[in-house]
Chemist: 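Can you read through this structure? Questions will come right after.
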There are 2 protein chains.
Amino acid sequence: MTGIRPYKRALDRLQTAGFRPTRQRLGLARLLFEGEHRHVTAEQLHTEAMGTDLRVSLATVYNTLNQFTAAGLLREVVVESGKSYFDTNTADHHHFFLEGTGRLEDIAADDIVVQNLPQPPKGTRVARVDVIVRLAEDDGEAA
Amino acid sequence: MTGIRPYKRALDRLQTAGFRPTRQRLGLARLLFEGEHRHVTAEQLHTEAMGTDLRVSLATVYNTLNQFTAAGLLREVVVESGKSYFDTNTADHHHFFLEGTGRLEDIAADDIVVQNLPQPPKGTRVARVDVIVRLAEDDGEAA
DNA sequence: ATTAATGCAAAATCTTTGCACTTTC
DNA sequence: GAAAGTGCAAAGATTTTGCATTAAT
């Protein structure tokens with residue numbers, strides 16, 4: 001037995017972060033946090049919400065994603081110029097990005113070794129290191 | 001003596017890539033390729049062009065940057081969701097990104113060691129590995 | 001002359017914002 | 001019933017596109 005139901009988990013997260021657990025926020029939090037880690041765009045999450053009982057506007061989805069990100073519940077991943085992806089995995093890790101499909105996949109931090117990072121310019125400190133392994137469809141290279 | 005004037009260099013680049021050396025393209029190519037390597041947005045380059053004798057529309061700047069990128073003369077660097085940066089350095093290398101100012105700085109490929117890259121998912125191949133070292137203003141940590 | 005490139009303005013995307021209405025505490 | 005949150009539509013920001021005009025071969 002887990003002892004904590006998913007619903008309770010999502011609720012806790014919201015309250016710990018100091019958010020009022022409104023219907024919309026709770027619904028989005030459940031979609032985001034109840035299953036495996038995931039990468040979503042606002043549009044995707046909105047569509048998904050519409051598919052369930054949850055009625056929420058796209059603007060609220062954007063606002064909520066931004067609030068969650070600011071609160072450290074989500075992390076934004078920038079891989080395409082015109083699009084924002086939000087990652088439910090806020091631990092230190094990296095990404096595969098499949099160009100074309102726009103699919104993102106996690107790479108655990110220990111799976112990549114980044115060494116010899118040069119000193120950051122004076123007056124700055126390293127906030128984060130993002131490694132993006134861009135993938136292409138591997139169609140036909142066998143002779 | 002260099003033997004090749006900057007103008008000629010930009011012209012050669014265009015022609016080698018199969019572009020008609022129009023006034024606009026040549027002007028933009030000179031702004032991009034005559035000095036040191038640089039990182040520009042379309043907006044920046046357009047503003048800069050206006051500052052010189054070169055009259056060119058923003059749409060043409062976008063088109064030109066995209067054409068140059070497709071031809072391998074430029075490389076797009078994605079670091080902020082809503083903005084496209086173009087890098088005149090097409091060699092394998094990485095970036096410092098100073099959040100806040102939006103400033104990009106190159107890190108030579110040999111200056112970072114990326115090891116243990118996991119196998120890419122079946123049916124894909126690694127097109128490129130981007131390392132982005134995100135920097136923050138280091139205001140006051142000394143006691 | 002033919003063909004490609006440019007400029008403009010309009011459209012397309014993605015995201016944020018203002019404000020009246022609704023919900024939570 | 002205060003204060004915060006939501007929805008909608010409008011506004012912003014960035015980038016692309018359609019089409020008549022202009023320039024390059």
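In what follows, every chain begins at residue 1, and chains take the letters A, B, ... in the order their sequences are listed.
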Chemist: Which residue pairs satisfy the side-chain hydrogen bond (donor to acceptor under 3.5 Å, both in side chains) criterion with at least one member in residues 108-120 of chain B, sequence neighbours excluded?
Modeler: none

Chemist: Under 4.0 Å between any heavy atoms, over every strand shown, what does A:Thr41 touch: base, sugar-phosphate, or nothing? Just pick one.
Modeler: nothing

Chemist: For A:Arg23 and for B:Thr22, locate the closest nucleotide of DNA chain D by heavy-atom distance; then report the residue assigned to the nucleotide nearer the 5' terminus.
Modeler: A:Arg23

Chemist: Considering only D:dT15, D:dG5, D:dT25, which nucleotide approaches the side chain of B:Arg20 most closely?
Modeler: D:dT25

Chemist: Roughly, in whole Å, what's the span from CZ in A:Phe19 to P in D:dT6?
Modeler: 10 Å

Chemist: To the nearest angstrom, how far is B:His46 atom NE2 from D:dA13 atom P?
Modeler: 17 Å

Chemist: Could you pick out which residue, B:Asn66 or B:Gln15, lies toward the 5' side of DNA chain D when each is mapped onto its nearest nucleotide?
Modeler: B:Asn66

Chemist: Could you check how far NZ of B:Lys83 sits from P of D:dT14, rounded to whole Å?
Modeler: 5 Å

Chemist: Please tell me if the side chains of B:Val61 and B:Val56 come closer than 4.5 Å, counting only heavy atoms from C-beta onward.
Modeler: yes

Chemist: Starting at CG of A:Leu98, measure out to CG of A:Leu135 and round the result to the nearest 0.5 Å.
Modeler: 6.0 Å

Chemist: Got a sec, which pairs hit ring pair (Phe, Tyr, Trp, His ring centres under 6.0 Å) with one end in residues 73-93 of chain A, sequence neighbours left out?
Modeler: A:His93-A:His95

Chemist: Restricting to pairs with a member in residues 70-97 of chain A, which pass salt bridge (charged side-chain N to carboxylate O under 4.0 Å, His left out), not counting sequence neighbours?
Modeler: A:Arg75-A:Asp130

Chemist: Need two values: the first and the last nucleotide of DNA chain C, 5' to 3', having an atom under 4.0 Å from any heavy-atom of chain B.
Modeler: C:dT3 to C:dA9

Chemist: With the threshold set at 4.0 Å, does a side-chain nitrogen-carboxylate oxygen contact exist between A:Arg38 and A:Glu48?
Modeler: yes

Chemist: Would you please name every residue forming a side chain to side chain contact (heavy atoms under 4.5 Å, CB included) with B:Ala17, sequence neighbours left out?
Modeler: B:Phe19, B:Ala71, B:Leu73

Chemist: Name the closest nucleotide to the B:Pro21 side chain, picking from D:dT25, D:dA4, D:dC8.
Modeler: D:dT25

Chemist: How would you summarise protein contacts on nucleotides 17-22 of chain D per nucleotide, using B for base, S for sugar-phosphate only and - for none, with heavy-atom distances below 4.0 Å?
Modeler: B-----

Chemist: Whole angstrom is fine here: how far is it from CZ in A:Arg55 over to P in D:dC8?
Modeler: 7 Å

Chemist: Nearest whole Å is fine: how far is D:dT15 P from B:Gln67 CD?
Modeler: 16 Å

Chemist: Is a side-chain donor-acceptor pair under 3.5 Å present for B:Arg55 with B:Gln24?
Modeler: no

Chemist: Would you say that more than 12 heavy atoms from the other residues, nucleotides or ligands in this model lie under 6.0 Å from the CZ of A:Arg103, or not?
Modeler: no

Chemist: Does a side-chain N or O of A:Thr60 approach OP1 or OP2 of D:dT6 to a distance below 4.0 Å, or not?
Modeler: no

